[in-house]
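Letters A, B, ... mirror the listed sequences (proteins, then strands); counts begin at 1.
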Amino acid sequence: MAVARGQTQRRKSSTHESFLRHGGFLFAKLSVALCVACIAAYFLQDAHPRPSGGTAVGYVLGILGAVLIVWLALLGVRKRAVSDGHYSLKAWVSAHVYLGLSLIVIATLHTGFQFGWNVHTLAYGLMLLVIASGALGVWAYATLPKTLSDNRGETTRKQMLAQIHALDEQIHEAAQPLQRAEADIVRLSLEETDIGGGFWRRLLGNYGDCANAHALASLGPALRVATGKEAEALRKASDLMQRKADALSLARRQMHITALLEAWLFVHVPATFALLAALSVHIVSVFLYW
Amino acid sequence: MSELFRIAIVGSGPSGLSAAAHAAAKGVSHVLLEKTDHLSDTIFRYQKGKHVMATPAQLVLRSDCDFAAGKREAVLAQWNEDAANAGVNVRYNAEAKAITGAKGDFSIATAKGEVIRAETVVLAIGTQGNPNLMRCDGAALPHVQYQLDDPAEYIDEHIFVFGGGDAGIENALGLAADQAQGNVVTLVNRSADFARAKDANVKALTSARDAGRITILSETTPGAIEKGWVTVETPQGTARHKCDRIIARMGSAPPRKFIEAAGVAFTSEAVSAFPALSPTFESTTPGIYVIGALAGYPLIKHCMNQGHDVVEYISGSTDLKPADEPILEAKLAGLPGKLSVSEWLEFLRGRVEILHGLSPLQMREFLLDSDVRAFRAGEVIFERNGVGSSLFGIAQGSVLVEVDPKNPSITVPIPAGSIFGEVGLISGRRRGATIRAGENTIVVEIPRTAALKLMAQVAEARETVNRITTERQILQIFKSGLTPADLAEVLPEAQTLEIKAGQAIMTEGDEGDDLFIIRSGSMIVEKMVGGKNVFLSYVPAGSYSGEMALLDGGRRTATVKAAIRSQVVRLPADPFRRLLAKKPELLKRMRDEVAARRKVNAFVEDQKDSFGGVVDMYSSVASFLIDQGIGEATDVLLIDETLCVGCDNCEKACADSHEGLSRLNREAGKTYAKIHVPTSCRHCEHPYCMTDCPPNAIQRGPDGEVFISDACIGCGNCQRNCPYDVIQMDKPPPEKPSLLAWMLFGMGPGPGEPDKAWREKQPKGAVERGKVAIKCDMCIGKAGGPACVRACPTGAAIRVSPEEFLSVALLDRG
């Protein structure tokens with residue numbers, strides 16, 4: 001089909017590939033090649049008295065590792081600096097994942113398998129922590145989006161909260177004819193319900209002490225004995241609170257999954273800064289005190 | 001023998017009344033014949049209290065009757081007073097039935113049997129007495145009316161007003177004005193915009209719609225009328241609505257029989273044609289003059305001036321200049337050749353094909369809106385990718401189109417009489433090629449709104465533009481070195497068809513070997529595989545379909561139906577086959593295409609047993625996307641929800657590359673089978689937002705981006721017109737501290753759209769900017785392309801054009 005469009009050289013469309021498959025696993029292949037080369041160099045060298053960070057190969061591996069660590073850390077800047085030029089954050093992430101994994105090989109070979117209770121091994125340990133948390137992130141990114149999408153359907157975060165607020169207003173309205181004691185229970189749902197809560201609560205999805213759930217349970221006995229108009233008002237309030245419970249559970253599930261998607265970053269990012277600090281100390285110390 | 005008047009004026013509307021008043025003032029013997037028992041029946045029958053407008057504003061009023069914008073009652077009272085003061089000789093209840101005789105002694109027979117004699121006759125009867133009728137089923141039902149006297153008469157009715165001109169808009173507004181009447185009013189307009197209506201009316205209409213008082217159905221035509229119901233054809237398909245009353249205000253045509261009987265010829269056979277007139281308003285019968293709406297001038301001010309002028313001409317004045325003469329003189333000054341204004345008008349009208357159908361009077365008004373420009377040989381008229389949506393007509397000389405951007409010496413000429421720039425007019429795209437003057441050239445440049453008005457008013461102009469566009473589109477689609485001469489045999493038999501959404505242009509298994517070219521809209525191709533309809537591909541505007549049967553014979557191998565309302569050109573098979581026989585290059589090109597399509601068909605056949613589920617899935621996803629308006633998109637943002645981690649980096653990147661405001665709402669929008677269509681511009685083939693932009697600020701970029709320029713005045717029309725809710729009105733926030741300042745020192749709100757609280761805390765700049773319309777511009781001009789896609793860390797955000805995405809070739813990926 002002859003279609004005239006796209007008159008400039010500007011890149012417009014994009015391939016439909018995940019960050020893991022980017023460029024036909026380009027960075028995975030690159031990083032395997034890098035590892036193979038490093039392993040080969042390690043075993044082919046003739047190191048005296050034994051392989052370590054101080055040999056020629058050790059130096060090269062060390063420089064390579066340090067450069068990689070700094071570059072990998074720059075992803076945080078790249079993500080936030082929106083420039084006009086040609087770049088793909090997805091490609092950066094893909095490289096970040098595979099080259100980051102290759103550090104396990106590169107840095108381990110750099111150590112020459114010499115470990116001790118010192119700042120050098122601390123840097124190595126921090127690096128492994130960063131990589132491990134990153135691996136957790138890869139797992140989360142690869143598996144959770146589907147759950148996130150399934151949970152929300154076509155409802156947005158804003159709509160979820162708006163829905164809860166709308167229900168609150170209706171509950172308030174419905175509670176007007178109630179007796180003092182029951183009204184106080186309903187007020188519990190209106191005033192004490194914590195939609196999300198702190199990070200740990202979101203992460204664990206633990207809402208056992210939800211005020212709305214308590215209030216709903218407490219209305220039970222009153223509902224059984226009430227008659228006439230009072231019963232009607234109670235039933236209306238409790239129906240609305242049941243709907244609120246459903247809306248809350250949807251919103252909380254959403255926040256729970258989002259928290260899972262973010263949790264690893266709370267280790268990954270601080271550990272990265274610690275790693276950069278330990279790495280600096282390691283580099284300075286090996287040159288000063290060696 | 002009755003008295004012989006110097007002038008008999010038929011019709012006492014603005015033009016006739018003005019003529020009579022001037023004749024009376026000059027002391028010329030005259031008689032004014034009026035069909036009814038009051039002056040100016042058309043204005044008299046306007047809705048009660050209607051505001052009568054005085055446009056065009058720049059025109060000077062030259063009449064013995066006074067006129068200023070105001071209520072209908074005030075205008076009529078003023079004229080009655082002016083007529084009485086001037087001593088106008090009026091004869092009421094005198095409807096002219098026939099005009100006989102010749103210059104010096106005409107006889108006008110009236111309906112009552114009187115005969116009035118006059119040396120000259122001025123026809124000022126307008127066209128309102130002869131409205132255009134509805135032509136659909138049920139048009140003769142009693143609740144279909146062509147006139148609305150008092151909108152207050154109708155209560156609690158569902159009323160449909162047909163017609164997007166001033167009359168239709170004013171009727172609709174009148175019916176909806178008082179909410180207590182409880183009318184549900186819908187205005188149906190055949191085109192997408194209201195090019196024929198006055199600006200103030202269009203504004204009042206859109207604000208009434210925004211207030212929820214009127215529903216507007218654009219690009220809609222009547223389907224059928226029944227008692228209590230009406231069926232209409234909208235771009236989205238057929239719809240049936242409750243309807244108690246129909247008011248049809250679809251314009252009016254001259255009462256041709258009566259006028260032709262007096263020996264007056266018309267400019268053409270077209271229904272909308274007007275009598276052929278000299279510059280002094282004299283018709284082809286000497287002594288009979290035609291002025292006002294019947295001369296093609298519907299505006300009151302023009303009419304009144306003509307009434308004054310025609311009496312001057314009849315009295316022997318030869319050097320009278322029309323009231324707009326100084327404006328046109330200034331416009332035409334500085335052009336080569338020492339032509340007078342009327343010589344210029346005749347020169348342009350006679351030479352530019354699309355202007356042929358205009359009367360000299362329409363030509364004057366047309367030129368008030370347009371520009372005449374002269375170019376020396378080799379001078380560039382416009383550049384490729386330049387902004388501009390005006391249409392050009394070549395009056396003298398010729399122009400050269402640089403078809404190859406890499407080699408400016410390869411050009412295609414366009415001769416005198418033809419037009420160029422029509423692509424911008426129709427789709428709003430930027431200039432597709434540089435055009436320069438091939439020799440010393442004179443062109444008339446017609447602004448987009450004036451060109452749309454011209455096409456709405458003059459059927460011939462519309463047909464000419466359509467014919468030239470079709471020809472050029474076909475040449476562009478087939479390339480292969482075809483020239484207009486090659487198409488000479490094919491084109492006359494080509495048929496332009498309007499296809500409703502969902503209607504098929506060919507059905508699998510049917511006979512037929514014609515070729516179809518999709519001019520606007522888009523098609524989807526489906527095939528029955530294993531008892532199920534499988535979506536094969538998407539065919540956008542500017543492509544063709546049906547070449548398999550054309551080349552190889554046999555039945556249609558797939559069904560092709562419209563995704564949205566479309567326009568197609570049907571090229572009959574036989575002349576096209578003869579063309580192919582002459583052009584082996586074209587034949588090869590089409591053969592290659594057919595081979596590719598056969599492969600796709602075979603692929604789908606293969607899949608039917610092993611991957612039935614996958615094919616099903618693909619078909620349903622494709623239908624979902626078509627439902628989401630992807631059928632009219634040129635480029636759309638999709639989010640693969642199996643990859644989206646909800647980081648909103650796309651929104652942040654969008655805000656940071658567009659003055660701090662995101663034009664995209666990732667979460668909002670529909671989702672199907674984990675494909676999410678976020679609320680973001682689809683850059684429609686025929687953008688709704690562009691249909692009514694007063695400053696013409698919405699344009700198309702070189703890659704098809706629909707963007708809003710700085711000319712935006714913040715009127716909000718585009719936001720209301722967009723069916724996909726992707727335009728918002730906002731003002732840019734204050735500038736944020738740099739990214740590093742935020743990362744290192746925590747200054748400012750960080751990446752993305754700053755929150756309200758931060759925005760309000762910032763000191764207000766010296767100049768507070770107002771709200772303007774903002775929407776996705778596909779990061780126009782940025783080398784890296786759209787920021788949303790570049791900034792997606794997982795590859796969930798993708799930008800696709802539908803023909804790339806809706807292709808069965810993607811199936812093998814699973």
TODO: List the atom of Gly795(B), the atom of Lys90(A), and the distance in Å for their closest heavy-atom pair.
DONE: CA-CD, 3.2 Å
Open item on the list: Looking at every non-hydrogen atom in both residues, tell me the closest pair between Thr671(B) and Glu154(A) and how far apart they are.
Closed with: N-OE2, 2.8 Å
Identify which of [options] forms the greatest number of heavy-atom pairs closer than 4.5 Å to chain B.
options                       : answer
Glu17(A), Arg21(A), Lys79(A)  : Lys79(A)
Leu75(A), Val82(A), Asp84(A)  : Asp84(A)
Gly85(A), Pro145(A), Ser83(A) : Pro145(A)

TODO: Apply side-chain contact (heavy atoms from CB on, under 4.5 Å) to the pair Val77(A) and Met743(B), showing each step before the final yes or no.
DONE: CA-CA 9 Å; Val77(A) 180; Met743(B) 284 188 111; 3.9 Å; yes
What is the distance from atom [atom1] of [X] to atom [atom2] of [Y], rounded to the nearest 0.5 Å?
X         : Y         : atom1 : atom2 : value
Arg157(A) : Arg666(B) : CZ    : CZ    : 6.0 Å
Ser149(A) : Lys674(B) : OG    : NZ    : 3.5 Å
Tyr141(A) : Leu643(B) : OH    : CG    : 12.0 Å

Leading residue by heavy atom contact count with chain A [cutoff under 4.5 Å; candidates [options]]:
options                                    : result
Pro793(B), Cys644(B), Cys647(B), Ser738(B) : Pro793(B)
Asn665(B), Asp656(B), Thr642(B), Asn649(B) : Asn649(B)
Cys792(B), Pro751(B), Ser657(B)            : Cys792(B)
Leu739(B), Leu740(B), Asp640(B)            : Leu739(B)
Ala791(B), Ala796(B), Ala787(B)            : Ala791(B)

TODO: Measure distances from Thr258(A) to the heavy atoms of chain B and classify the residue's part below 4.5 Å as side chain, backbone, both or neither.
DONE: neither
TODO: Would you mind checking which part of Leu261(A) comes under 4.5 Å of any heavy atom in chain B, side chain (CB onward), backbone (N, CA, C, O), both or neither?
DONE: side chain
Open item on the list: For Phe199(A), I'd like to know if atom CZ has over 12 heavy atoms of other residues, nucleotides or ligands within 6.0 Å.
Closed with: yes
- [ ] Determine whether more than 12 heavy atoms belonging to other residues, nucleotides or ligands lie under 6.0 Å from atom NE2 of His268(A).
- [x] yes
Task: Arg80(A) side chain vs Ala653(B) backbone, donor-acceptor pair below 3.5 Å - done: no
Open item on the list: If only side-chain N and O atoms count, and only distance matters, is there a donor-acceptor pair under 3.5 Å linking Thr156(A) with Glu667(B)?
Closed with: no
